[in-house]
Amino acid sequence: MTPFPWLTLLTLLPVAGALIVLLVGRGSSARWIAVSFGILSLGVTLAVWHGFNPTSGELQFQELHAWVPSLGVQYHLGIDGLSLLMLVLSAIVTLIGMTASRAITQRVPLYYALVLLLQACLFGTFTAVNFIHWFLFWELALVPAFFLIALWGGPRAKPAAMQFLVYTMVGSVAMLLTFLALFLSTHTFEFAELTSLTQSGQLMPAVTAALGGHWITAPHLAALLFAGAFLGFAVKVPAYPFHTWLPAAYTEAPSGTTAILTGAMSKMGLFGFVRILLPIFGPQMQRFATPLLWLGVATIVFSAFAAMAQKDIKRILAYSSINHLGYCLLAIFAVAKFSGSVTLAGEQFAALDGVFLQMFNHGLTATTLFWFVAMLERRSGGLRGLDDFGGLRKVMPVFTGLMGISLFSSLGLPGLNGFPGEFLLFKGTFPLAAWASALSLLGLLATALFLLRILQRVFSGPLNPQWAAMPDLSTRERVLLVPSIALMFVLGLYPQLILGIVNSTAIHLVQGLHP
């Protein structure tokens, strides 16, 4: 166990910040206090990064204390390379989200306190390795997210927030029932122990012995439990057809909140697929690999073509997020399809490395794009339609250039951070599921069309006289944007900065699929 509780400190810092913001924050001071705690949290994550051993795929910085031993509940924290990457991403995304929330003028202390509480739940989700402990953070994250959408969102914010809550609660209940069934059969909530039982082939026989009967066969019982866990994660990503809550929630939420939802909260679902579902339900994922691959293709292609039909920039970017995360789902399902096939282990490594890169790069790029939308809304009085602008590059050349870099990053232009992740995804997925990868290329084509359409309709063509006096980025805004834009180039040219941390985790996960 680690001698100093770094992970507990990291989770408690935002909570302390939220309390201080509520007690002493007033107007802009609330924002500055929140941002200060955000910077402090980022500093702690970077300190953990510095002390992390990248050559090990095992859990590090572990903390273990008895909590409710009679129920198998322990206070158990630990991180691997993927967890660490998600901690850093959550810290960066939360800072960007708070910076993009300058337009918030009502109940300012409450807004930033809820953002900090959401960050604490993100940290808790990515560090807990006991199901009940992890599930508490997974569920608690819904509370600040719901109120951030409902209280500060657009005209249809409350229905959107309610739809978001209902969808995610249904998925969570299904997942809770699944893990309660596993506990009744194995008497443990520890992810590592459940994974070990799966690798030894003992998990589902234990479940069948405890819960099976003449009314349900062992394969059907395993499929039912898998479906419950799968639904919980699929709704959070979200995967098609469980995605319908996302466009409304992202569109109605304040842009700063949307940045956090897409940049970090959506990664909770993908994290669950990789760190929980794949190790524990790998045999069931392999059994249903073909329909899962079709689901991945549908998530990619349908969301891309849905984005092409939108005229609201936030709604376009919302569907774009589903599209980009669909590639991660496709790779995960392709990896699961060949569990036990040692000859394809190299392709599985590449696919998972691509998933990890894509998770971080999408979080950074999508968050920055919603930040640009927030600045555009503030300058235009809340407008964000494709037909509301035109020719803005003539009066906002710096804004146009930097947002263009972010759009090309999202498109996967070589030299920017979007390219290495997509390259590794397809490099690993093509040998594993060639037909699914080929069909998914339709999504890449549609992505190019709708992202380039933003550049054309908003920034090119004749200048709309209404915006002749629209100000370009201020010096302060340029300085704040520099780290995000610079990181897009750094990761595009040197992806090893991330791969060096997560590669051992990818190898460890793939080795677990070949017991």
Side-chain angles (χ1 to χ4, degrees), residues 35 38-39 41-55 79 81-100 126 259-260 262-264 267 270 317 320-321 324-325 327-328 350 352-372 398-427 451 473 475-506:
V35 169
I39 294 173
S41 295
L42 177 59
V44 173
T45 62
L46 294 179
V48 172
W49 181 294
H50 178 72
F52 187 82
N53 178 12
T55 62
I79 58 171
L82 176 60
S83 306
L84 176 59
L85 190 65
M86 293 300 99
L87 292 178
V88 175
L89 177 64
S90 299
I92 293 173
V93 164
T94 305
L95 268 176
I96 294 177
M98 290 190 290
T99 305
F126 294 134
I260 299 173
T262 189
K267 307 307 178 293
L270 286 175
L317 296 178
S320 176
S321 290
H324 281 79
L325 299 179
Y327 294 110
C328 296
L352 283 183
D353 276 340
V355 169
F356 300 161
L357 267 179
Q358 181 79 340
M359 288 171 67
F360 187 90
N361 289 332
H362 171 264
L364 174 66
T365 302
T367 302
T368 306
L369 284 172
F370 279 110
W371 187 4
F372 279 111
V398 177
F399 183 101
T400 302
L402 295 183
M403 186 171 181
I405 291 172
S406 301
L407 287 169
F408 280 117
S409 169
S410 183
L411 182 58
L413 185 73
L416 294 171
N417 63 320
F419 177 74
E422 290 188 1
F423 175 80
L424 281 173
L425 280 172
F426 280 103
K427 179 184 182 296
L451 290 179
L473 293 176
T475 302
R476 175 184 175 280
E477 289 171 327
R478 298 181 193 190
V479 171
L480 291 173
L481 281 165
V482 162
S484 296
I485 301 299
L487 198 53
M488 292 180 194
F489 283 102
V490 170
L491 295 178
L493 298 173
Y494 187 64
Q496 187 62 24
L497 183 65
I498 288 177
L499 292 176
I501 289 291
V502 301
N503 193 55
S504 293
T505 299

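Reckoned from all heavy atoms, side chains included, excluding hydrogens, waters and symmetry mates.
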Peer 1: Would T45 and L42 count as a side chain to side chain contact (heavy atoms under 4.5 Å, CB included) here? Give the steps.
Peer 2: CA-CA 5 Å; T45 62; L42 177 59; 3.7 Å; yes

Peer 1: Got L451 and F408 here, is their nearest side-chain heavy-atom distance under 4.5 Å?
Peer 2: no

Peer 1: Do F419 and L413 have side-chain heavy atoms sitting under 4.5 Å apart?
Peer 2: no

Peer 1: Quick one: are L424 and F356 in side-chain contact, heavy atoms under 4.5 Å?
Peer 2: no

Peer 1: Once ring-ring contact (aromatic ring centres under 6.0 Å, His included) is applied, do any residues pair with F126, and if so which ones, sequence neighbours excluded?
Peer 2: F271

Peer 1: Can you name the closest pair of heavy atoms from T367 and G263 and give their distance?
Peer 2: OG1-CA, 3.3 Å

Peer 1: If a pair satisfies side chain to side chain donor-acceptor pair (under 3.5 Å) and one of its residues is in residues 406-420, list it, with sequence neighbours excluded.
Peer 2: H324-S410, N361-N417, T365-S409, T365-N417, S409-N417

Peer 1: Could you tell me whether F52 atom CZ has more than 12 heavy atoms of other residues or ligands within 6.0 Å of it?
Peer 2: yes

Peer 1: Sorted by first residue and then second, give each side chain to side chain donor-acceptor pair (under 3.5 Å) pair with at least one member in residues 491-505; sequence neighbours left out.
Peer 2: none

Peer 1: Specify the closest pair of heavy atoms between F370 and S321, including all atoms of both residues, with the distance to one decimal.
Peer 2: CE1-OG, 4.5 Å

Peer 1: With sequence neighbours left out, write down each residue that passes side chain to side chain donor-acceptor pair (under 3.5 Å) with T55, or none if nothing qualifies.
Peer 2: N53

Peer 1: How about I96 and V93: do any of their side-chain heavy atoms sit closer than 4.5 Å?
Peer 2: no

Peer 1: Looking at every non-hydrogen atom in both residues, tell me the closest pair between A506 and D353 and how far apart they are.
Peer 2: CB-OD1, 3.5 Å

Peer 1: Are L425 and V355 close enough that some pair of their side-chain heavy atoms sits under 4.5 Å apart?
Peer 2: yes

Peer 1: Knowing that exactly one of L416, L499, I498 qualifies, which makes a side chain to side chain contact (heavy atoms under 4.5 Å, CB included) with L491?
Peer 2: I498

Peer 1: Can you tell me how far apart OG (S41) and CG (L46) are? Round to the nearest 0.5 Å.
Peer 2: 11.0 Å

Peer 1: Test side chain to side chain contact (heavy atoms under 4.5 Å, CB included) on H362 and L325 and set out the steps.
Peer 2: CA-CA 8 Å; H362 171 264; L325 299 179; 3.8 Å; yes

Peer 1: According to salt bridge (Lys or Arg N to Asp or Glu O under 4.0 Å), who are the partners of E422, at least two apart in sequence or on a separate chain?
Peer 2: none

Peer 1: Looking only at non-hydrogen atoms, find the nearest pair between Q358 and C328 and report the distance.
Peer 2: CG-SG, 3.4 Å

Peer 1: Hey, are the side chains of M359 and L89 touching, using non-hydrogen atoms and a 4.5 Å cut-off?
Peer 2: no

Peer 1: Taking side chain as C-beta onward, heavy atoms only, is L85 less than 4.5 Å from I501?
Peer 2: no

Peer 1: Who passes ring-ring contact (aromatic ring centres under 6.0 Å, His included) against F372, sequence neighbours left out?
Peer 2: F399

Peer 1: Does M488 reach the side chain of T368, with side-chain heavy atoms less than 4.5 Å apart?
Peer 2: yes

Peer 1: Any chance you could measure L87, atom CG, to L82, atom CG, to the nearest 0.5 Å?
Peer 2: 9.5 Å

